[in-house]
Amino acid sequence: DSGDVARSRKLARRGFKVTGIDTSDDLLRAASERGITVHKMDGQEIAFETSFDCALSNAALHWMREPEKVLSGVHQSLKPGAQFVGEFGGHGNVAAIVTALIASMSEIGVDARQLNPWFFPTPKQYGELLENAGFEVKIIALIPRQTALPTGMEGWLNTFANPFLKDLPDDMREQILDHVQILLAPSLKDNEGNWNADYD
């Protein structure tokens, strides 16, 4: 199970009726095979009408560059008095990694700032977005946490930084991956060779 499918199954086993949305056919298939109702839908195009008692999002909202659309859709989908709980990267998340990617790619003449797929807001910024969408903010916080990377920095970059690297030829991609790791090693690699990510 992916983490999100496993969480959904736990909720369903506790008696909750769970509905999931995603654009990934693989994730939707995995959830559906485990008895979860799913819809293929972009989080920026949510289209339900006052259907749910609660909305949960885990590690997804920072991939959505139009938060106003996301929050409008979520708010419209919830019953009056329902809750919205979201966990995602905030301001400063993977800042060292993004800086290293931008610096490395600038050396080959690519402005990687235009390729950045992430939206990492401050609590104040996101709180205002929530209130503008009609939510009453009860708790919002930015929680820094160094996170171990079992597959190393190269594994993390290959999994999550593809929007920066996908259009590069293989040899240039490898060059960038090597350079990014050289830049990051002093701050994110410990003396035993273990990598961490600067999550916020």
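Fair warning: this is a prediction, and the values are worked out from it, not measured in the lab. Atoms considered below: every heavy atom in the structure, side chains included; atoms not considered: hydrogens, waters and symmetry mates.
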Considering only heavy atoms from C-beta outward, does the side chain of [X] approach that of [Y] to under 4.5 Å?
| X | Y | result |
| --- | --- | --- |
| Leu188 | Asp198 | yes |
| Val70 | Leu129 | no |
| His91 | Asp200 | no |
| Val74 | Phe135 | yes |
| Ser77 | Phe84 | no |
| Leu184 | Trp195 | yes |
| Asn194 | Lys189 | no |

[atom1]/[X] to [atom2]/[Y] distance, rounded to the nearest 0.5 angstrom?
| X | Y | atom1 | atom2 | value |
| --- | --- | --- | --- | --- |
| Thr50 | Gln76 | OG1 | CD | 8.5 Å |
| Ile46 | Met64 | CD1 | CE | 7.0 Å |
| Ser32 | Leu27 | OG | CG | 12.5 Å |
| Gln83 | Leu56 | CD | CG | 9.0 Å |

Looking only at non-hydrogen atoms, find the nearest pair between [X] and [Y] and report the distance.
| X | Y | answer |
| --- | --- | --- |
| Ser24 | Asp22 | N-OD1, 2.9 Å |
| Gly89 | Pro121 | O-CD, 3.9 Å |
| Gly86 | Leu61 | CA-CD1, 4.2 Å |
| Leu71 | Ala133 | CB-CB, 3.7 Å |
| Ile21 | Gly43 | CD1-CA, 4.2 Å |

Residues 152-159 side chain polar contacts: donor-acceptor under 3.5 Å, at least two apart:
{"from": "Trp156", "atom 1": "NE1", "to": "Tyr199", "atom 2": "OH", "distance (Å)": "2.8"}
{"from": "Asn158", "atom 1": "OD1", "to": "Arg173", "atom 2": "NH2", "distance (Å)": "3.0"}
{"from": "Asn158", "atom 1": "ND2", "to": "Glu154", "atom 2": "O", "distance (Å)": "3.2"}
{"from": "Thr159", "atom 1": "OG1", "to": "Gly155", "atom 2": "O", "distance (Å)": "2.9"}

When you measure from the side chain of [X] to the backbone N and O of [Y], does any donor-acceptor pair fall under 3.5 Å?
| X | Y | answer |
| --- | --- | --- |
| Asn196 | Gln146 | no |
| Glu131 | Val137 | no |
| Glu87 | Ala59 | yes |
| Thr147 | Arg145 | yes |

Listed by chain and number, what are the salt bridge (Lys or Arg N to Asp or Glu O under 4.0 Å) partners of [X], not counting sequence neighbours?
| X | result |
| --- | --- |
| Asp171 | none |
| Glu68 | none |
| Lys79 | Asp53 |
| Asp170 | none |

Decide whether [X] and [Y] are clustered together by the hydrophobic rule: side chain heavy atoms of Ile, Leu, Val, Met, Phe, Trp, Tyr closer than 4.5 Å, transitively.
| X | Y | value |
| --- | --- | --- |
| Leu177 | Leu183 | no |
| Ile102 | Phe120 | yes |
| Leu78 | Ile140 | yes |
| Val98 | Ile108 | yes |
| Leu130 | Trp63 | no |

query = Would you find more than 12 non-hydrogen atoms of other residues, nucleotides or ligands less than 6.0 Å from Glu174 atom CD?
reply = yes
[X]: which residues meet the side-chain hydrogen bond (donor to acceptor under 3.5 Å, both in side chains) condition with it, sequence neighbours left out?
| X | value |
| --- | --- |
| Glu66 | Lys69 |
| Ser104 | His179 |
| Asn191 | none |

query = Under the ring pair (Phe, Tyr, Trp, His ring centres under 6.0 Å) test, which residues partner Phe16, sequence neighbours left out?
reply = none
key: Contacts of type ring pair (Phe, Tyr, Trp, His ring centres under 6.0 Å), residue His39, not counting sequence neighbours   = Phe48
ask   = In terms of ring plane angle, is the pair Tyr126 and Phe119 parallel, tilted or perpendicular, where the classes change at 30° and 60°?
value = tilted
ask   = With the threshold set at 4.0 Å, does a side-chain nitrogen-carboxylate oxygen contact exist between Glu128 and Lys124?
value = yes
message = Test question: given the 4.5 Å side-chain rule for I, L, V, M, F, W and Y, name all other residues clustered with Leu142, or answer none.
response = none
Please set out all donor-acceptor pairs under 3.5 angstrom arising from side-chain atoms of residues 109-118, sequence neighbours excluded.
{"from": "Asp111", "atom 1": "OD1", "to": "Arg113", "atom 2": "N", "distance (Å)": "3.2"}
{"from": "Asp111", "atom 1": "OD1", "to": "Arg113", "atom 2": "NE", "distance (Å)": "2.9"}
{"from": "Asp111", "atom 1": "OD2", "to": "Arg113", "atom 2": "NH2", "distance (Å)": "3.2"}
{"from": "Asn116", "atom 1": "OD1", "to": "Trp118", "atom 2": "N", "distance (Å)": "3.0"}

